[in-house]
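Let me begin by presenting the structure, written as structure tokens, before commenting on it.
If you read the sequence from its start, that first residue is 1, and numbering goes on from there. Just so it is clear, the structure is predicted and the values come from calculations on it, not from any experiment.
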Amino acid sequence: MQLSQDRFAYTDAPLQLILFIDGRPKSGQQVQRIRSYLKELKAEYQFELEIVDVGQQPYLAEQFKLVATPALVKIHPEPRHILAGSNIISQLQVWWPRWQVSVEMYFKSQVSLIEDSDNAGDTNKLNSSTSGIKSLAVSAELMKLSDEIFHLKQEKDKLEEQLQFKDRVIAMLAHDLRNPLTAAAIAVETLQSNYIQETGTFKRLTPSLAAKLLRQARTQTRIIDKMIAELLQVGRGKETKIPIVPQKAEVGKLCCEVMSELRQRYKAKSLKLEKDIPEDLPLVYADPERIRQVLINLMDNAIKYTPEGGVISISGLHRTTQKVQFSIGDSGPGIPEEKREQIFENHYRLERDEEKDGYGIGLCLCQRIITAHYGQIWVEKAPTGGAWFHFTLPVYPT
């Protein structure tokens with residue numbers, strides 16, 4: 001008997017069988033008994049046997065819808081017949097005489113085909129009737145190619161998703177770089193305009209204020225450097241998640257820093273700022289720079305959409321032992337209820353905002369960052385009539 005793991009033998013044997021095997025030790029003993037029994041039968045009856053390891057050619061097992069191995073399949077002559085289970089030899093003893101009858105009927109049909117082909121000069125029917133294993137081999141190759149095409153399509157879709165994500169990340173960082181660049185530029189320009197080169201001092205600036213401006217410029221440039229480094233990391237990697245470095249963080253302090261950075265903007269519109277951040281608010285487990293991005297984006301939107309003389313608010317709430325909630329509200333036009341989920345989609349903008357500055361990616365970035373922290377972000381109608389954005393973060397374990 002011929003053993004073939006990689007390809008089928010192209011034969012014209014009247015009785016063609018396939019024995020499906022697997023790598024289990026128990027199966028090995030059963031397969032050996034089956035092969036020994038078939039060897040005894042071959043001394044009396046001529047047939048062709050092909051052995052297939054389902055671990056190497058699983059698509060063939062799928063084609064025959066096999067749910068157990070070992071299994072013996074008669075593929076020629078038709079119809080196909082499958083013997084499976086722990087008693088294949090006893091089943092063979094029952095079915096072998098019947099298979100021989102089918103072989104005899106096959107031979108008779110061949111005689112008729114030969115006579116018909118001699119009369120009609122057509123040998124196609126004869127050739128097509130003796131290609132059981134050969135046709136199965138072609139079918140197996142087609143199934144294998146189909147699987148490979150399917151996997152290639154999956155890889156293509158995955159690569160397209162990664163490219164789209166990287167495009168979104170680039171757009172998000174370009175959007176988010178504006179705030180630290182502006183803050184750093186203001187600090188440097190203030191220092192430059194007040195610097196007296198002859199004396200090496202600053203006019204109208206106290207030493208403490210000059211030192212504060214230098215610290216702010218250095219802090220903002222570090223933030224920019226971190227964003228660029230992360231952009232390069234995302235460009236090289238295959239992950240489609242926003243990278244975070246969670247640690248013990250005091251978000252209440254971050255809120256105060258963000259409000260200080262944006263002070264000139266909301267003062268320029270004569271906005272009233274209401275703050276409600278309890279001193280005993282617990283620490284959270286989060287990436288401080290990522291949460292700073294969220295706070296700046298939400299505060300930036302609140303300032304942008306609140307009319308002059310309006311009110312913006314920022315508050316913190318210890319909701320449960322596992323979660324802390326932060327909320328940023330405004331007295332602007334608010335978000336229509338039917339649009340409150342869509343505004344977190346990438347590049348989505350309300351029709352009324354088409355003429356305003358922005359790319360429609362800030363809220364999408366916020367959602368990705370909060371989701372990466374296993375938190376939630378949503379928007380409601382504020383008590384002042386505008387939008388009220390909330391997000392939650394996990395409490396740092398004590």
Please answer: with hydrophobic residues joined when any side-chain heavy atoms are less than 4.5 Å apart, are [X] and [Y] in the same cluster?
{"X": "I88", "Y": "L17", "answer": "yes"}
{"X": "L72", "Y": "V31", "answer": "yes"}
{"X": "W99", "Y": "V103", "answer": "yes"}
{"X": "I343", "Y": "W378", "answer": "no"}
{"X": "F326", "Y": "W388", "answer": "no"}

Residue pairs, two or more places apart or on separate chains, that pass side-chain hydrogen bond (donor to acceptor under 3.5 Å, both in side chains) and touch residues 309-318: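 Not a single pair qualifies under side-chain hydrogen bond (donor to acceptor under 3.5 Å, both in side chains).
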Work out which heavy atom in [X] is nearest to a heavy atom in [Y]; give both atom names and the distance.
{"X": "L271", "Y": "E308", "value": "CD2-CA, 4.3 Å"}
{"X": "G332", "Y": "P307", "value": "CA-CD, 4.0 Å"}
{"X": "F20", "Y": "I18", "value": "CE1-CG2, 3.5 Å"}
{"X": "F202", "Y": "L191", "value": "CE2-O, 3.3 Å"}
{"X": "I277", "Y": "G252", "value": "CG2-CA, 3.8 Å"}
{"X": "V245", "Y": "P288", "value": "O-CD, 4.4 Å"}

Student check: side-chain heavy atoms of [X] and [Y] closer than 4.5 Å:
{"X": "I312", "Y": "M299", "result": "yes"}
{"X": "V284", "Y": "P394", "result": "no"}
{"X": "I186", "Y": "Q216", "result": "no"}
{"X": "R33", "Y": "I89", "result": "yes"}

What's the separation between atom [atom1] in [X] and atom [atom2] in [Y], rounded to the nearest 0.5 Å?
{"X": "E189", "Y": "T182", "atom1": "CD", "atom2": "OG1", "answer": "9.5 Å"}
{"X": "C256", "Y": "I314", "atom1": "SG", "atom2": "CD1", "answer": "8.0 Å"}
{"X": "I370", "Y": "L363", "atom1": "CD1", "atom2": "CG", "answer": "11.5 Å"}
{"X": "D330", "Y": "K304", "atom1": "CG", "atom2": "NZ", "answer": "12.0 Å"}
{"X": "I21", "Y": "D53", "atom1": "CD1", "atom2": "CG", "answer": "5.0 Å"}
{"X": "Q376", "Y": "Q367", "atom1": "CD", "atom2": "CD", "answer": "10.5 Å"}

Pairs involving residues 200-220, ordered by first then second residue, that meet salt bridge (Lys or Arg N to Asp or Glu O under 4.0 Å) (sequence neighbours left out):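 Every pair satisfying salt bridge (Lys or Arg N to Asp or Glu O under 4.0 Å) with a residue in residues 200-220: there are none.
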Pairs satisfying salt bridge (Lys or Arg N to Asp or Glu O under 4.0 Å), at least one member in residues 243-262, at least two apart: E257-R292, E261-R292
Should we count [atom1] of [X] as having more than 12 external heavy atoms under 6.0 Å?
{"X": "K269", "atom1": "NZ", "value": "yes"}
{"X": "E338", "atom1": "CD", "value": "yes"}
{"X": "Q93", "atom1": "CD", "value": "yes"}
{"X": "E337", "atom1": "CD", "value": "no"}
{"X": "E341", "atom1": "CD", "value": "no"}

Look only at the side chain of [X] and the backbone of [Y], and say whether a donor-acceptor pair between them is shorter than 3.5 Å.
{"X": "T392", "Y": "V324", "value": "no"}
{"X": "D287", "Y": "I244", "value": "no"}
{"X": "Q30", "Y": "G85", "value": "yes"}
{"X": "T320", "Y": "Q322", "value": "yes"}
{"X": "T306", "Y": "I303", "value": "no"}

Please list, chain by chain and in numerical order, all residues satisfying side-chain hydrogen bond (donor to acceptor under 3.5 Å, both in side chains) with [X], sequence neighbours excluded.
{"X": "T371", "answer": "none"}
{"X": "N87", "answer": "Q91"}
{"X": "Q325", "answer": "R319, S327, H390"}
{"X": "T321", "answer": "none"}

Output all residues satisfying side-chain contact (heavy atoms from CB on, under 4.5 Å) with [X], sequence neighbours left out; order by chain, then residue number.
{"X": "V311", "result": "K272, E274, S331"}
{"X": "T206", "result": "S208, L209"}
{"X": "L159", "result": "Q162"}

Test log, rule side chain to side chain contact (heavy atoms under 4.5 Å, CB included), inputs F389 and V294: CA-CA 11 Å; F389 285 88; V294 173; over 6 Å; no
Near-ring test F47/W96, centroid separation under 6.0 angstrom: yes
Distance-only donor-acceptor check, side chains R290 and Q293, under 3.5 Å: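 The criterion, which ignores hydrogens and geometry beyond distance, is satisfied for Q293 and R290.
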Residues clustered with Y396, ILVMFWY side-chain links under 4.5 angstrom: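 Reading the cluster by chain and number, Y396 sits alongside L283, Y285.
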Derivation of the side chain to side chain contact (heavy atoms under 4.5 Å, CB included) call for C255 and V251: CA-CA 6 Å; C255 291; V251 180; 4.1 Å; yes
Non-neighbouring partners of D157 that pass salt bridge (Lys or Arg N to Asp or Glu O under 4.0 Å), sequence neighbours left out: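 For D157 the salt bridge (Lys or Arg N to Asp or Glu O under 4.0 Å) partners, ignoring immediate neighbours, are K153.
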Residue pair L38, L49: steps toward the side chain to side chain contact (heavy atoms under 4.5 Å, CB included) verdict: CA-CA 9 Å; L38 287 172; L49 176 66; 3.9 Å; yes
